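So the structure is just underneath, and the comments pick up after that.
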Amino acid sequence: MLSVATLDNKFLINGESVQLISGTMHYFRIPHQYWRDRLEKAVACGFNCVETYICWNLHEPTPGNFDFSGNLDLEKFVLTAKELGLYVILRPGPYICTEWDNGGLPVWLFNEPGIRLRRSNKPYLTAVERYFNQLMPMIRRWEWDQGGPVIAMQIENEYGSYGRDTEYLQSLHDMIRKNGCKSVLFTIDGNQELMLGGGSIPGVWRTMSFGSDGVKSFNALRNFRNTPPGGPDSCMEFWIGWFDHWGKPHTTRSAEETAAEFDSMLAAGASVNVYALAGGTNFAFNNGANHFPNEDYCATGTSYDFDSLVSECGDITGKFLAFQQVIKKYRPDLPMTVPENPPKAAYGKVKISGSCRLFDNLDTLARRRHCVDPETMEFFNQQFGFIHYQTRLNGPAETFLQLLDMHDRAQVYLDGKYAATFYRNEPIHKIENLQIPPEGIQLDILVENMGRTNYGQFFGKDFKGLVNGVYLDRQLQTGWDIYPLPLNDLSALKFGAFAEEKNHPSFHCADLEIDQPADTFLKFPGVKGAVWVDGINIGRYWNVGPARTLFVPGCYLKKGKNKIVVLELHKLNSPELDFTGSHDLG
């Protein structure tokens with residue numbers, strides 16, 4: 001009989017004890033054309049299992065409308081893993097953290113009356129249930145007893161780091177079971193007693209997340225273990241690297257140190273999920289941010305390489321080789337190999353051929369909304385991108401202008417002239433000594449959403465845009481024209497000759513003509529902005545680093561001409577784009 005279960009200190013598949021040697025790769029951070037390559041590399045390294053989160057915000061972009069196509073084709077990912085002989089662990093959330101905007105919760109939740117996130121709240125649970133009722137019957141088809149590879153699923157995600165509402169966790173458990181899913185269910189929490197006590201429920205396998213001291217952590221976990229079902233010691237997130245924040249140093253961990261820790265856990269009989277086996281990319285504007293009380297807001301970068309075994313661009317690393325040697329000790333009969341790296345191309349410099357100003361295309365890119373107050377992105381159910389505010393300041397007056405609680409980065413213009421740039425970590429967003437003539441002046445404010453907080457006390461409270469209004473001295477300014485700018489379709493833009501005016505946001509285009517598509521890397525073209533390749537948003541750039549290049553997957557390119565569009569907010573480095581053959585992560 002096909003079955004999975006936990007018993008005592010064992011994970012059982014068809015009644016036999018299995019030590020899970022698993023690794024994380026996020027299908028939504030890797031082009032679907034590359035899923036097989038990354039999964040084959042997991043097999044080559046000796047892993048017997050792969051794990052992924054599931055991102056609710058992309059799968060249900062608007063209430064009741066679901067998308068499981070293209071890079072969201074979860075079934076293709078799962079069944080490819082099956083073809084390669086891998087078990088699959090799924091982490092459907094609904095909250096997933098993972099340095100992903102709003103922890104993966106859709107932005108439209110903010111507009112549900114009476115909602116409170118991640119707790120026993122009827123509007124929230126109603127929304128989760130609709131999502132689970134769509135997702136779980138799909139997963140049921142992929143479960144082990146149905147001939148699929150899925151053996152286990154997580155309930156929520158590190159909930160003990162957030163709250164202690166066990167009734168909420170039980171509700172999620174019951175939704176999964178009511179949809180017929182039979183996989184082993186588990187929770188994950190950090191190795192502190194407070195977290196372990198708050199994030200689990202009776203009868204559910206408890207696992208842990210940490211980056212070191214594995215055997216010591218397992219001893220702490222045993223004090224909280226539920227019997228039944230018991231289950232093996234397990235680290236479901238063994239952090240072998242870390243993510244990068246804009247303006248902070250690139251983070252790495254030693255291959256020798258992490259491999260030794262990995263070895264010690266496997267030697268103790270534990271099951272381990274390596275986070276992350278394969279790196280990925282926060283394409284488009286999907287990244288999240290960290291923000292804690294009395295600390296700066298820190299947005300996550302475009303690269304999610306994570307110092308993984310397989311790099312963001314699919315390369316085998318020294319860490320891959322070190323972990324492979326460890327796994328050989330526990331799976332000695334496997335024919336492990338060292339796969340080749342994907343080909344890379346240095347296409348060189350390409351001349352920018354055309355430009356158009358963002359402010360001249362507001363009505364092309366968005367439908368203007370008139371509001372009394374400068375409403376946030378969430379008011380318009382806008383998940384990503386920018387939002388532009390426009391109003392008239394009445395005169396005469398000699399005063400100061402102040403933006404209260406602005407999220408996250410604003411460029412301010414007075415009568416079309418650049419006046420200031422503000423970032424949310426600055427204590428005051430103020431223009432002093434403002435002279436307003438009798439006829440008044442036009443005020444324009446472009447605000448960029450740099451990523452909603454995905455972890456910590458400010459999760460679910462990170463509204464984007466002009467959060468608490470604009471003031472002249474103490475006078476609230478009202479009567480705004482607002483343009484939501486998700487920038488998910490730039491096809492209507494009309495480009496003229498190349499032109500640039502410093503600090504005036506502009507789109508610039510270039511044709512990259514190639515004979516053979518291959519992975520390549522674009523050197524950051526300017527101070528700050530984003531890049532599209534044949535209509536696909538490959539992510540943001542910012543000269544504060546740590547990265548200096550953007551990964552351009554070869555599968556996004558075609559033989560012949562490829563249209564590259566750059567939105568530069570301040571100033572280009574040169575009138576050329578430079579495609580190199582190596583990634584610079586700082």
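Sequential numbering from 1 along the given sequence is applied to the chain's residues. Both backbone and side-chain heavy atoms feed into the values below; hydrogens, waters and symmetry mates do not. Only a predicted model underlies this, so the values are computations on that prediction, with no experimental measurement involved.
Not one N or O on the side chain of N287 forms a donor-acceptor pair closer than 3.5 Å with the backbone of A299. For the pair S234 (side chain) and T207 (backbone), a donor-acceptor distance under 3.5 Å is absent. Under the 3.5 Å distance criterion, the side-chain polar atoms of Q477 are matched with a main-chain donor or acceptor of Q475. Counting only distance, with no hydrogens or angles, the side chain of K319 and the backbone of I240 share a donor-acceptor pair below 3.5 Å. Between the side chain of N449 and the backbone N or O of G465, no donor-acceptor pair lies under 3.5 Å. In this structure a side-chain-to-backbone donor-acceptor pair under 3.5 Å is present from T52 to M25. A donor-acceptor pair under 3.5 Å is formed between the side chain of S506 and the backbone N or O of H504. Listed for the N454 side chain is a donor-acceptor partner under 3.5 Å among the backbone atoms of A289. A donor-acceptor pair under 3.5 Å is formed between the side chain of N282 and the backbone N or O of G301. Remark: the backbone N or O of R540 is paired with a side-chain donor or acceptor of T302 at under 3.5 angstrom.
Remark: of the listed residues F386, Y389, F422, Y389 is the sole one forming a side chain to side chain contact (heavy atoms under 4.5 Å, CB included) with V447. If you run side chain to side chain contact (heavy atoms under 4.5 Å, CB included) between I188 and each of M208, M195, M236, only M236 comes through. Paired with V412 under the rule side chain to side chain contact (heavy atoms under 4.5 Å, CB included), one option of T421, L443, V470 passes, and it is L443.
Atom-to-atom distance recorded for H407:NE2 and E378:CD is 10.0 Å, nearest 0.5 angstrom. With rounding to the nearest 0.5 angstrom, the CZ atom of F132 is 5.0 Å from the CD1 atom of I176. Distance CD1/I482 to CD1/I387: 5.5 Å, rounded to 0.5 Å. Here the OH-CG distance, from Y95 to N57, works out to 12.5 Å after rounding to the nearest 0.5 Å. To the nearest 0.5 Å, the span separating CG on L109 from CG on N381 amounts to 9.5 Å. The line from OH of Y275 to CZ of F238 is 14.0 Å long, rounded to the nearest 0.5 Å.
R253 and E261 are not joined by a salt bridge, as no carboxylate oxygen comes within less than 4.0 angstrom of a charged side-chain nitrogen. At a threshold of 4.0 Å, the pair D584-R548 does not count as salt-bridged, since none of the basic side-chain nitrogens sits closer than that to a carboxylate oxygen. A salt bridge links E60 to R130: one of the charged nitrogens lies within less than 4.0 Å of a carboxylate oxygen.
The two residues T187 and S200 have their closest heavy-atom pair at OG1-CB, 3.7 Å. Shortest non-hydrogen contact noted between L58 and D67 is O-CB, 4.1 Å. The minimum heavy-atom distance between Y471 and L476, with the atom names listed, is CD2-N, 3.5 Å. Here the shortest heavy-atom pairing between S308 and L277 reads CB-O, 3.7 Å. Minimum heavy-atom separation, G545 to W246: O-CE3, 3.2 Å.
Of the N and O atoms on the side chains of D405 and N468, at least one donor lies less than 3.5 Å from an acceptor on the other residue. D165 and S120 share a donor-acceptor pair across their side chains, judged by distance under 3.5 Å alone. Looking only at atom types and distance, the side chain of E312 has a donor-acceptor partner in the side chain of T281 under 3.5 Å away. Side-chain contact of T98 with R91: a donor-acceptor pair under 3.5 Å is absent, judged by distance alone.
Proximity of L365 to Y483: side-chain heavy atoms (C-beta onward) are nowhere separated by under 4.5 Å. Proximity of L172 to P94: side-chain heavy atoms (C-beta onward) are separated by under 4.5 Å at one or more points.
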Open item on the list: Go through it in stages, so that I can follow the logic: the residues are Y297 and F458, the test is ring-ring contact (aromatic ring centres under 6.0 Å, His included), and I'd like the CA-CA distance, side-chain angles, deciding distance and then a yes or no.
Closed with: CA-CA 10 Å; Y297 163 90; F458 296 119; 10.0 Å; no

Task: Pair Y413-F359, ring-ring contact (aromatic ring centres under 6.0 Å, His included): steps then yes or no - done: CA-CA 11 Å; Y413 299 80; F359 293 175; 4.9 Å; yes

TODO: Assess whether side chain to side chain donor-acceptor pair (under 3.5 Å) is satisfied between E156 and Y168, documenting all intermediate values.
DONE: CA-CA 9 Å; E156 239 272 358; Y168 163 57; 2.8 Å; yes

Open item on the list: Pair N503, H570 - check side chain to side chain donor-acceptor pair (under 3.5 Å), show working.
Closed with: CA-CA 4 Å; N503 292 321; H570 295 282; 2.8 Å; yes

Open item on the list: Applying side chain to side chain donor-acceptor pair (under 3.5 Å) to Q154 and Y159, what does each step give before you reach the verdict?
Closed with: CA-CA 11 Å; Q154 183 185 15; Y159 188 70; over 6 Å; no

TODO: Go through the steps for N273 and T24 under the test side chain to side chain donor-acceptor pair (under 3.5 Å), then give the verdict.
DONE: CA-CA 7 Å; N273 180 62; T24 292; 2.9 Å; yes

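Taking the six-membered ring for Trp and thresholds of 30 and 60 degrees, H583 and F551 have ring planes inclined between 30 and 60 degrees apart. Aromatic ring orientation, H245 versus F243: perpendicular (interplanar angle above 60°, classes split at 30° and 60°). Below 30°, between 30° and 60°, or above 60°: for W205 and F186 the angle between ring planes is above 60°, a perpendicular geometry. The aromatic rings of F77 and Y27 lie tilted to each other, with the angle between the two planes from 30° to 60°. Below 30°, between 30° and 60°, or above 60°: for F463 and F110 the angle between ring planes is between 30° and 60°, a tilted geometry. Taking the six-membered ring where the residue is Trp, W56 and Y124 present tilted rings, their angle falling between 30° and 60°.
More than 12 non-hydrogen atoms from other residues, nucleotides or ligands lie less than 6.0 angstrom from NZ of K430. More than 12 non-hydrogen atoms from other residues, nucleotides or ligands lie less than 6.0 angstrom from CD of E432.
Centroid-to-centroid, the aromatic rings of W542 and Y423 come within less than 6.0 Å. The ring of F218 has its center closer than 6.0 angstrom to the ring center of F210. Between H26 and Y53, the gap from one ring centroid to the other is short of 6.0 Å.
Every salt bridge (Lys or Arg N to Asp or Glu O under 4.0 Å) that D315 has, sequence neighbours left out, goes to K344. Every residue meeting the salt bridge (Lys or Arg N to Asp or Glu O under 4.0 Å) condition with K464, not counting sequence neighbours, appears here in chain and number order: D408, D462. Applying the salt bridge (Lys or Arg N to Asp or Glu O under 4.0 Å) test to E99 and every residue at least two apart in sequence or in another chain returns nothing.
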